[in-house]
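Down below is the structure, laid out as structure tokens.
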There are 2 protein chains.
Amino acid sequence: MSRNLTFPRPLTTVDVVILSATTNALEVLLVRRPDAADEPYPKMWALPGGFIDTAKDADLEACALRKLKEKTGVQAPYLEQLGSWGNAKRDPRGWSATHAYFALMGAEDRSRANDHPGSQEAQWFKVEEDRVKERLAFDHGEILKAAVQRLRSKVAYTSLPAFLMPSEFTLSEFQKMHEVLLGRTLEKKAFRTRVLTSELLEEVPRKKEGANRPAQLYRLKNKRRPIFFNRPITGSAID
Amino acid sequence: MSRNLTFPRPLTTVDVVILSATTNALEVLLVRRPDAADEPYPKMWALPGGFIDTAKDADLEACALRKLKEKTGVQAPYLEQLGSWGNAKRDPRGWSATHAYFALMGAEDRSRANDHPGSQEAQWFKVEEDRVKERLAFDHGEILKAAVQRLRSKVAYTSLPAFLMPSEFTLSEFQKMHEVLLGRTLEKKAFRTRVLTSELLEEVPRKKEGANRPAQLYRLKNKRRPIFFNRPITGSAID
DNA sequence: CCAATAGTGTCTGTTAGACAATATACA
DNA sequence: TGTATATTGTCTAACAGACACTATTGG
């Protein structure tokens with residue numbers, strides 16, 4: 001069957017869609033492609049990623065984490081395998097396949113990423129709908145789109161938005177994050193009941209003060225695993 | 001950054017977890033590894049799959065479909081990307097990564113697969129819990145487990161079980177399929193209401209006769225896309 | 001009539017959606 | 001007190017879970 005090792009091997013990369021959010025918008029971290037004659041898509045913006053280092057990377061996830069760390073200095077954000085894309089045309093150098101991951105980064109990690117002295121020019125781009133304004137290298141636009149769609153669809157039935165929050169936050173801030181991701185307002189009471197009756201958050205003995213009634217601060221009970229709700233929250237009907 | 005093309009390229013394969021079901025159990029199609037000196041895991045059972053043919057395969061999914069067709073003769077079953085597995089140890093020949101897919105095959109396609117004169121010994125194995133009795137080649141046991149878990153978790157909130165049914169079936173048979181996959185009985189009324197109020201099925205003008213009241217036969221409205229329910233069906237509570 | 005399976009009626013419990021009402025800060 | 005935001009109360013609708021009941025076939 002497989003007169004195996006003689007098959008030409010596809011180029012293999014790992015790319016990471018690193019997402020974070022301001023109070024207004026979802027953002028993605030992109031890096032600029034090198035400007036060299038032998039590099040495809042020179043100077044264009046692209047997802048952080050690149051070839052697997054078979055000497056350093058024990059497995060695919062380790063490779064994704066390495067790239068994440070190199071670009072942002074962040075060790076352990078929420079990380080999920082997104083899918084893989086491979087075909088004959090996506091890379092002008094030949095048949096190539098990429099293993100894509102997506103990472104969510106809270107406010108503290110986001111600032112750390114901003115301070116990180118990367119070897120490559122890197123910048124946060126606002127995500128509108130499911131794309132950035134720039135045309136990206138390779139099929140990275142498509143991969144970004146898949147990541148954003150995955151995140152958006154999971155917002156309705158998981159606690160993923162929690163991984164985009166700072167370490168302490170109010171319920172209103174948490175609701176606002178959901179609304180930014182969904183692009184739609186949510187019903188306050190339904191949101192609060194849902195969140196508070198789940199085992200997602202715990203109170204911290206502090207309030208956020210302002211020119212109004214202070215708001216209870218909460219933090220995540222489990223910084224690693226998302227929780228799954230068994231009914232979606234959608235705000236108004238989708239029809 | 002990437003002094004790229006000089007990196008050693010991992011071995012790259014595509015594997016397919018082909019699932020079908022009898023009225024009693026979920027089953028998976030496995031093939032026997034060749035018995036040759038230069039082949040790893042000789043004579044062991046493994047998932048159908050193998051190297052990408054960069055000349056023939058336009059993309060990863062085309063490669064998965066090609067392997068599916070080669071092993072079963074089936075053209076277009078339900079096919080979904082499952083994930084990728086890659087590390088230094090899974091293949092003794094070196095750093096390797098596989099892109100895994102999973103396919104669901106209805107009764108007719110299942111018989112067609114049985115009749116298909118494959119180039120390699122192939123056989124259906126009963127899946128118990130989330131494994132087969134045999135130890136599989138490579139990390140295929142782990143990949144199978146992921147496929148079965150994905151299928152099982154989707155049973156509760158999608159119409160995936162429909163893709164394991166024959167082209168016409170009764171609601172009782174459909175319910176039984178759910179029960180086989182979940183390993184738990186379901187409440188008849190809740191099941192029927194859920195299915196019938198969705199847009200999943202349409203009646204065919206025929207009944208299934210037996211030594212009892214004849215049952216209405218139904219068929220899938222859309223043979224390609226699953227539908228998503230917005231509440232899970234679980235039978236008894238999960239606690 | 002009996003056995004067996006198909007199919008329905010109806011009540012309860014949970015939780016999202018809508019929206020009004022109340023609470024607590026600062027200025 | 002007024003303004004702003006936090007927090008709660010309450011009613012409704014949708015739908016799963018439980019379980020009893022009726023329907024329709026062959027033997």
Side-chain angles (χ1 to χ4, degrees), chain A residues 23 155-159 161 165 168-179 182 184-218 227-239, chain B residues 23 153-159 161 165 168-179 182 184-218 227-239:
Chain A
T23 50
V155 169
Y157 65 96
T158 72
S159 63
M165 301 300 293
E168 295 184 1
F169 52 87
T170 69
L171 289 183
S172 294
E173 289 163 350
F174 194 30
Q175 178 172 347
K176 186 68 184 359
M177 176 64 76
H178 284 73
E179 292 173 342
L182 288 169
R184 153 191 329 144
T185 61
L186 294 180
E187 215 292 311
K188 184 164 50 171
K189 186 63 188 302
F191 179 81
R192 298 174 72 94
T193 312
R194 175 186 176 89
V195 169
L196 291 177
T197 60
S198 74
E199 292 290 287
L200 179 61
L201 306 180
E202 59 190 5
E203 293 189 1
V204 300
R206 253 188 304 290
K207 306 236 174 193
K208 175 167 183 173
E209 316 275 343
N212 49 31
R213 179 173 173 175
Q216 180 63 50
L217 284 164
Y218 295 85
I227 71 171
F228 291 75
F229 296 94
N230 60 8
R231 288 203 220 174
I233 195 166
T234 57
S236 33
I238 314 179
D239 80 300
Chain B
T23 50
S153 77
K154 281 192 162 187
V155 168
Y157 64 95
T158 72
S159 64
M165 300 301 293
E168 294 185 1
F169 52 88
T170 69
L171 289 185
S172 294
E173 290 163 348
F174 194 30
Q175 179 174 343
K176 186 69 185 358
M177 175 64 76
H178 284 72
E179 292 173 341
L182 287 170
R184 158 195 319 151
T185 61
L186 294 180
E187 217 292 309
K188 182 164 54 168
K189 187 62 191 301
F191 179 81
R192 297 173 73 94
T193 310
R194 176 187 175 88
V195 169
L196 291 176
T197 59
S198 74
E199 292 290 289
L200 179 61
L201 305 180
E202 59 191 3
E203 292 189 3
V204 300
R206 254 188 305 289
K207 305 235 175 193
K208 174 168 184 172
E209 315 275 343
N212 48 33
R213 177 172 175 176
Q216 180 64 51
L217 284 164
Y218 294 85
I227 71 169
F228 291 75
F229 296 95
N230 60 9
R231 288 204 222 175
I233 194 166
T234 57
S236 35
I238 314 180
D239 83 292

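Every chain is numbered from 1 and lettered A, B, ... according to where its sequence line falls, protein lines coming before strand lines.
Proximity of residues 191-205 of chain B to DNA chain D (heavy atom under 4.0 angstrom from any strand atom) is restricted to B/Arg194. Interface residues of residues 206-216 of chain B facing DNA chain C, ordered by number: B/Asn212, B/Arg213, B/Pro214, B/Ala215, B/Gln216; criterion, heavy-atom separation under 4.0 Å.
Rounded to an integer number of Å, the gap from B/Ile233 CD1 to D/dC15 C1' is 10 Å. Per the geometry, NZ belonging to B/Lys188 stands 11 Å off C1' belonging to C/dA4, to the nearest Å. Atom pair B/Asn230:CG and D/dA16:C1' shows a separation of 12 Å (rounding to whole Å applied). In this structure, the CD atom of B/Gln175 is 9 Å from the P atom of C/dA6, given to the nearest Å. Taking atom CZ of residue B/Phe174 and atom P of nucleotide C/dA6, one finds them 15 Å apart after rounding to whole Å. Between B/Leu182 atom CG and D/dG17 atom P there is a gap of 11 Å when expressed in whole angstrom units.
In this structure B/Glu203 satisfies the salt bridge (Lys or Arg N to Asp or Glu O under 4.0 Å) test with no other residue, sequence neighbours excluded. With sequence neighbours left out, the ring-ring contact (aromatic ring centres under 6.0 Å, His included) criterion links B/Tyr157 to no other residue. Taking the side-chain hydrogen bond (donor to acceptor under 3.5 Å, both in side chains) definition, one finds that B/Gln175 meets it with B/Glu179, sequence neighbours left out.
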Below 3.5 Å is the cut-off: list the nitrogen or oxygen pairs between protein and nucleotides 9-13 of chain C, distance only.
unit_1: C/dG9; atom_1: N7; unit_2: B/Lys189; atom_2: NZ; d: 2.7

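The phosphate of C/dT5 has neither OP1 nor OP2 within less than 4.0 Å of any side-chain N or O from B/Ser172. Between C/dA16 and A/Thr234, no contact under 4.0 Å exists linking OP1 or OP2 to a side-chain N or O.
Classified by interplanar angle (parallel below 30°, tilted 30° to 60°, perpendicular above 60°), the ring pair A/Phe191/A/His178 is perpendicular.
To the nearest 0.5 angstrom, B/Glu187 atom CD is 8.5 Å from B/Ile233 atom CD1. The structure places CD of A/Glu199 at 12.0 Å from OG of A/Ser159, a figure rounded to the nearest 0.5 Å. Annotation: the span from B/Ile227 atom CD1 to B/Thr158 atom OG1 amounts to 8.5 Å, rounded to 0.5 Å. Atoms NZ and CD, from B/Lys208 and B/Glu168 in turn, are 11.0 Å apart once rounded to the nearest 0.5 Å.
In this structure, B/Glu209 contributes its side chain and B/Ala215 its backbone to no donor-acceptor pair below 3.5 Å.
Counting non-hydrogen atoms of neighbouring residues, nucleotides and ligands closer than 6.0 angstrom, the CD atom of A/Glu202 exceeds 12 such neighbours.
Put simply, the side chain of B/Leu171 does not reach to within 4.5 Å of the side chain of B/Lys188, judged on heavy atoms.
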